[in-house]
Amino acid sequence: EEFGGVDVNDVLNLVPLLQSWPQADASRIGMYGWSRGGMMTYLALTRITNVCAAVIGAGPTDQLRWPERRADMETNVFAQLIPGYATNREATLRARSALYWPGKLHPQTAILLLHGSADWRVDPTDSLRMATALFERKHPFRLVMLEGGDHGLNEHREEVDRQVKGWLDRYVRDRKP
């Protein structure tokens, strides 16, 4: 448990597991991560090249800004879980912040960003800024901001399910470019 450190290997180890199952088509992999799982998805996409599509819901992209917005994250999560945080705060947070390395994401993986405009846990501008970074790199993505949506987009569950299903069907099931 390193909040985006070696624990990313738990996600990466799923790929060889899928490849070992005869009933699985490991050439069609989709990833779906929410909140911290979104951060883990970004990290995984720097090391996996066969993910057709990813969905990231309310994913933090700039951990460097978190302590100013949510001091509880610094004391209760970063300082306790991230090795070397006390001595190298900026480097450890930057390494977990996709906004600073969008060029490391596999360029063929289509990314759907979902975020609620009333999310107080993860600043919605994280997704807006990430969309800008992806746009500037011509990385395939779609940003869906849902007005008034909380961190889990609970009041927009049907819309979230529709967006996710459509995205994964298009890029994973149907293998659209």
With D123 as reference, evaluate H115, R129, R65 under the side chain to side chain donor-acceptor pair (under 3.5 Å) test and give the passing residue. R65
Here the gap from H156 atom NE2 to E147 atom CD, rounded to the nearest 0.5 Å, amounts to 7.5 Å
Main chain of T109, side chain of H139: is a donor-acceptor contact present, judged purely on distance under 3.5 Å? yes
For the hydrophobic clusters of this structure (ILVMFWY residues joined by side-chain heavy atoms under 4.5 Å, transitively), does one cluster hold both L134 and V122? yes
Looking only at heavy atoms, which two atoms of P22 and S20 are closest? And how far apart? CD-O, 3.4 Å
Considering non-hydrogen atoms only, spot the tightest contact between P60 and S35 and give its length. CD-O, 3.2 Å
Got L153 and L114 here, is their nearest side-chain heavy-atom distance under 4.5 Å? yes
Is it true that a side-chain atom of N13 and a backbone atom of N9 form a donor plus acceptor pair closer than 3.5 Å? yes
W120 (side chain) donor-acceptor with H151 (main chain) under 3.5 angstrom: no
Distance-only donor-acceptor check, side chains N76 and R70, under 3.5 Å: no
Verify same cluster id: L168, L113 (apolar side-chain graph, 4.5 Å): no
Answer yes or no: is there a side-chain heavy-atom contact under 4.5 Å between L81 and E2? no
Check: Q63 side chain, R96 main-chain N or O, donor-acceptor pair, under 3.5 Å: yes
Side chains of L45 and T41: closer than 4.5 Å at any heavy-atom pair? yes
Spacing of OG1 belonging to T125 relative to CG belonging to D119, to within rounding of 0.5 Å: 10.5 Å
Is there a path of hydrophobic side-chain contacts, each under 4.5 Å between heavy atoms, that joins M39 and V11? yes
Evaluate the side-chain contact (heavy atoms from CB on, under 4.5 Å) criterion for residues R89 and E74: first the C-alpha distance (whole Å), next the side-chain angles of each, then the deciding distance (0.1 Å), finally the verdict. CA-CA 10 Å; R89 177 186 177 276; E74 182 164 39; 3.3 Å; yes
For P124 versus G116, what's the shortest heavy-atom pair and its separation? CG-O, 3.2 Å
Output for pair (W101 CH2, T46 OG1), nearest 0.5 Å, gives 5.5 Å
Got a second to check how far I56's CD1 is from L143's CG, nearest 0.5 Å? 11.5 Å
Using side-chain heavy atoms (C-beta onward) and a distance below 4.5 Å, is F141 in contact with L105? no
Is there a path of hydrophobic side-chain contacts, each under 4.5 Å between heavy atoms of I, L, V, M, F, W or Y residues, that connects I48 with I111? yes
Verify whether one side chain among Y85 and Q80 offers a donor that lies under 3.5 Å from an acceptor in the other. no
ring-ring contact (aromatic ring centres under 6.0 Å, His included) against W66, all qualifying residues, sequence neighbours excluded: none
W21-V51 co-clustered via ILVMFWY side chain contacts under 4.5 Å: yes
Could you give the distance from OH (Y42) to NZ (K104), rounded to the nearest 0.5 Å? 15.5 Å
Identify the heavy atoms of C52 and R28 that sit nearest to each other, and give their distance. SG-CA, 3.9 Å
Would you mind checking if R69 and D126 are paired as a salt bridge, meaning a charged N to carboxylate O distance below 4.0 Å? yes
Donor-acceptor pairs under 3.5 angstrom involving side-chain atoms of residues 170-177: please list them, not counting sequence neighbours.
from : atom 1 : to   : atom 2 : distance (Å)
R173 : NH1    : D169 : OD2    : 3.3
R175 : NH2    : D25  : OD2    : 2.9
R175 : NH2    : S27  : OG     : 2.7

Flag, side chain of T61 to backbone of M130, donor-acceptor distance under 3.5 Å: no
Salt bridge check: are D150 and R121 linked by an N-O gap of less than 4.0 Å? no
Say you draw a straight line from OG of S97 to CG of L64; how long is it, rounded to the nearest 0.5 Å? 5.0 Å
Nearest heavy-atom pair of R157 and G152: which atoms, and what distance? NH2-O, 2.6 Å
Taking the side chain as every heavy atom from C-beta outward, state whether M73 and F3 have any atom pair closer than 4.5 Å. yes
For the side chain of D7 and the backbone of G5, is there at least one donor-acceptor N/O pair under 3.5 Å apart? yes
Under a 4.0 Å N-O cut-off, is there an ion pair linking R36 with E1? yes
Over all heavy atoms of both residues, which pair between P140 and P107 is shortest? Give the atoms and the distance, please. CD-O, 3.4 Å
